[in-house]
Amino acid sequence: MPELPEVEVVCQGLGPLVRTRKILSVSFSNKKLRKPFPRAKMYSRVEGSFILGVERRAKYIMLRLTGKSVMLFHLGMTGKIGLFDRDSPRRKHDHLRFLLDNGKEMRFNDVRRFGCVEVYSEKELRENDPFAGLGPEPFSEDFSADYLLNKARGKQVPVKSFLMDNRVVVGLGNIYANETLFAACTHPHTPVNRLSRLDWQRIVTKSRLILKKAIAMGGSTISDYENVSGEAGYFQLELAVYGRQGQPCSRCGQPVVRSVLAGRATFCCPVCQK
DNA sequence: CTAACTCCCTGATAGC
DNA sequence: TGCTATCAGGGAGTTA
């Protein structure tokens, strides 16, 4: 489900709903997510704490808590966070429930269980940074044509796989990597060492444009993404190539072609993207 | 080292 | 109706 725009929309929606709220108790399902629940830390660091704020880093949702604690959520492919009345019926695949001091419950639901939840103290965060090794945020100055040109030196990975690599840049997943390359007129299979500084500049500019627009439109709902209020996004209506194999390219009318790159569905217009 | 492949898991959909 | 195969927004780990 969620790439940078979807995670950003969730964070923006969640913040006002939970900021200043106290977490009274935590409940777990009997199935583990990608990693086992950090139960001990949930009881010692999360229960009884207040939520100070919600931020996004890469595709993580970060809740800052009193007591110098941080709780991280990763939505994986099908993770969802929502606010519900404490007595409302639980849904299938609700794996975590946080009872708040206003009668609401924050619930983490994840069908495929590729998501995860972690709890850190600020000290642990500094000493054992879970974000170490991640590349820059797409909207940061560090994400530049020069940076990419340098990072790509001597590598032959296809540019689409490169953009989806967290160590290169965070937040771009399969949808937005495909869309960025279409907008930048760059073929997804191009080995990265063949791209010029100008090519990279186009990629930087277009990726930011697309991510920004996707955030403004509430993200892309392909099958089941929804924001904290259970609403779908609209950016899927704007997708130029993702999922559109056989349909005419919006620029030249030739059919969009689907291929597979590193096991991921890849879409491009072989005429417009060189 | 790089790049490709495999696996984690459930559910929707297509084809027989 | 029901079976089987394929595919899905991510990412970590293994293999050649």
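Lettering follows sequence order; numbering is per chain, from 1. All values derive from a computational prediction rather than experimental measurement.
- OP1 or OP2 of B/dG11 sits under 4.0 Å from a side-chain N or O of A/Lys92.
- By the 6.0 Å and 45° rule, A/Arg39 stacks over the aromatic ring of A/Phe28.
- Ion pair A/Lys59/A/Glu3 not flagged as a salt bridge, since none of the NZ, NE, NH1 or NH2 atoms sits closer than 4.0 Å to an Asp/Glu carboxylate oxygen.
- Between A/Lys59 and C/dG11 there is a side-chain polar atom (N or O) within less than 4.0 angstrom of OP1 or OP2.
- For A/Arg264 and B/dT6, the CZ to C1' distance is 12 Å, given to the nearest whole Å.
- The shortest distance between the side-chain N/O atoms of A/Arg113 and the OP1/OP2 oxygens of B/dT10 is below 4.0 Å.
- OP1 or OP2 of B/dT10 has at least one side-chain nitrogen or oxygen of A/Lys31 nearer than 4.0 Å.
- You'll find that the side chain of A/Val111 is closest to B/dT10, out of C/dG10, B/dT10, B/dA3.
- Regarding A/Leu75, its CG atom lies at a distance of 11 Å from the P atom of C/dG10, rounded to whole Å.
- In this structure, A/Gly173 reaches the sugar-phosphate backbone alone: every heavy-atom distance under 4.0 Å involves primed, P, OP1 or OP2 atoms, never a base.
- Stacking here means ring centres nearer than 5.5 Å and ring planes tilted less than 30 degrees, and by that measure A/Phe114 stacks onto C/dG10.
- For B/dC7 and C/dA5, the P atoms lie 16 Å apart once the distance is rounded to whole Å.
- Relative to the six-membered ring of A/Phe131, A/Arg57 meets both conditions, a distance below 6.0 Å and an angle of at most 45° to the axis.
- Checking each of A/Phe267, A/Phe182, A/Tyr176 against A/Tyr242 for a ring pair (Phe, Tyr, Trp, His ring centres under 6.0 Å) leaves exactly one that passes, namely A/Phe267.
- Between the base of C/dA12 and the side chain of A/Arg34 there is no donor-acceptor pair shorter than 3.5 Å.
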